[in-house]
Amino acid sequence: MTPAISVVLPVRNAAATIEEAVDSILGQDSGDFECWVVDDGSTDDTPRILARYSDHRLRVLSHPGPHGVAEAMQFGVDHARAPWVARMDADDVSHPERLGMLMEWAMRHPDCAALKSRVRLIDGLGDGMDRHVAWVNGLETPESIACARFIESPIAHPSSMIRKDWLQRIGGYRAVEWAEDHDVWMRLLEAGGQVISIPNVLVDWRDSSTRLTRADARYGEAARSAMRCHYLARLPEVMQRGVAIAGAGPIGKSISRGLNDLGVMVQGFFEVHPRRIGQTIHGVPVLSSERMAEVWTDAVVLGAVGIPGGRERVRQLAMEHGRVEGRDFWSVC
């Protein structure tokens, strides 16, 4: 019989955590699932640990490589038989009720393309990750998730479940120059897919110095900026009307450079920092916030203020001037 959910778990050299991760899936309260573990060329004890399992729900795929997490994930998706694909990572832990609750919420929202839950950070390495988890957990509506997609990934990937037909429609997982998981959500949200947030913690999300998000340049700020520009330039209103950038710091400059390279007109910058006001960046002026109407006219406003509270202040300012978030205004940091 076809299961309701296919869990896909890519792994490479995770002998220290893979058993806990797999056990947390096999220990689910809901039994209507299969789990595809894709071994992407492990050279440690991972294959031997996986060989110990005899549970019929667990399928281990050898993917000689390494090819990378995107290709390993897609290899698992290609084998998945269920209409829903749930992501799992080799160093995280799913709570026993995770899959059952995801399916329950999916049935309540038959038109959604994907779901996510809250996560709990374990073995955190600093306040930055704590703040990120709080931010991701705080995105509680489909609208807030969609509007946040240019800031950082609005979904903790190992908490997610996506319809397989939606995943196929947007082209699946791809090896790209930036984070493959964020790229999936960019394409899904761009295509109008709705993501539902479950207000329960269903995954323990482990932080470590060897996580790809810390160790791989594709998850760094330069790659994230390139991705932002790539997808911003695909918005018809951005290409047609150009942008005005709130914030002339490093992120604002990077966005300006990237959009210029993609043929998007940057009308100008507006700032509150007195030393930046009056400068010219990439041929356009930096004006004070009092003069912002001179540069944003009909342009799409991009909030690129990185200081604490800056995002909220720019959002408030934009909305006071009639800007609609997710159409006339986007936060990018």
Side-chain angles (χ1 to χ4, degrees), residues 2-15 17-26 28 33-92 94 98-99 102 113-116 153 155-188 191 193 203 210-213 215-216 218-219 223:
T2 302
I5 301 173
S6 294
V7 179
V8 178
L9 193 168
V11 57
R12 182 171 189 268
N13 292 344
T17 58
I18 185 62
E19 189 170 9
E20 185 179 21
V22 169
D23 287 349
S24 75
I25 293 297
L26 297 181
Q28 291 293 298
F33 66 88
E34 62 182 8
C35 179
W36 294 92
V37 179
V38 182
D39 182 7
D40 189 34
S42 292
T43 57
D44 66 356
D45 282 339
T46 296
R48 286 181 286 278
I49 293 170
L50 293 172
R52 297 173 193 160
Y53 288 92
S54 58
D55 194 303
H56 72 279
R57 297 169 299 177
L58 182 67
R59 317 289 182 87
V60 179
L61 296 171
S62 177
H63 195 228
H67 297 277
V69 65
E71 291 189 30
M73 185 68 193
Q74 187 57 43
F75 190 61
V77 170
D78 290 340
H79 285 79
R81 298 180 299 150
W84 286 96
V85 175
R87 173 64 191 265
M88 183 62 186
D89 279 339
D91 55 353
D92 299 323
S94 288
R98 180 193 171 200
L99 296 184
L102 282 169
L115 303 100
K116 76 177 187 89
S153 178
I155 299 161
H157 207 183
S159 80
S160 66
M161 185 171 79
I162 184 171
R163 289 188 187 274
K164 187 174 180 181
D165 59 357
W166 261 99
L167 196 52
Q168 293 168 328
R169 187 186 314 180
I170 64 172
Y173 286 85
R174 310 182 306 186
V176 287
E177 59 190 276
W178 42 73
E180 84 294 331
D181 55 341
H182 200 166
D183 185 71
V184 165
W185 304 126
M186 283 289 203
R187 286 181 280 126
L188 181 80
V203 173
T210 58
R211 288 181 64 221
L212 286 176
T213 51
D216 192 318
R218 290 174 301 170
Y219 298 81

To the nearest 0.5 angstrom, please state how far the CZ atom of Arg52 sits from the CD atom of Glu19. 6.0 Å
Any non-hydrogen side-chain atom of Gln74 less than 4.5 Å from a side-chain atom of Glu180? no
May I ask you to check whether His157 and Tyr219 place their ring centers less than 6.0 Å from one another? no
Between Arg57 and Asp55, is a salt bridge (Lys or Arg N to Asp or Glu O under 4.0 Å) present by the stated rule, with each step listed? CA-CA 5 Å; Arg57 297 169 299 177; Asp55 194 303; 2.8 Å; yes
Once the angle between the rings of His79 and Phe75 is folded into 0 to 90°, is it parallel (under 30°), tilted (30 to 60°) or perpendicular (over 60°)? perpendicular
Nearest-0.5 Å distance, NZ of residue Lys164 to CD1 of residue Ile162: 12.0 Å
Using side-chain heavy atoms (C-beta onward) and a distance below 4.5 Å, is Asp40 in contact with Pro10? no
pair Cys35-Val37: side-chain heavy atoms closer than 4.5 Å: yes
Please confirm whether the backbone N or O of Ala14 pairs with a side-chain atom of Thr46, one donor and one acceptor, at under 3.5 Å? yes
For residues His63 and Glu71, determine if any side-chain heavy atom of one lies less than 4.5 Å from a side-chain heavy atom of the other. yes
Val8 side chain reached by Met73 side chain, heavy atoms, under 4.5 Å: yes
Got a donor-acceptor contact below 3.5 angstrom from the Ser6 side chain to the Ala82 backbone? yes
Distance-only, no hydrogens or angles: does the Asp39 side chain make a donor-acceptor pair with backbone N or O of Ser42 under 3.5 Å? yes
Side-chain heavy atoms of Phe33 within contact of Ile25, under 4.5 Å: yes
Step by step, would you call Tyr53 with Asp23 a side-chain hydrogen bond (donor to acceptor under 3.5 Å, both in side chains)? CA-CA 10 Å; Tyr53 288 92; Asp23 287 349; 2.7 Å; yes
Value rounded to 0.5 Å, distance of OG1 in Thr43 from CZ in Arg12: 5.5 Å
Do any N or O atoms from the side chain of Ser24 and from the backbone of Ser94 form a donor-acceptor pair under 3.5 angstrom? yes
Distance check, rounded to the nearest 0.5 Å: Leu9 atom CG versus Arg87 atom CZ? 7.5 Å
Checking Gln28 side chain against Arg98 main chain: does a donor-acceptor pair fall under 3.5 Å? yes
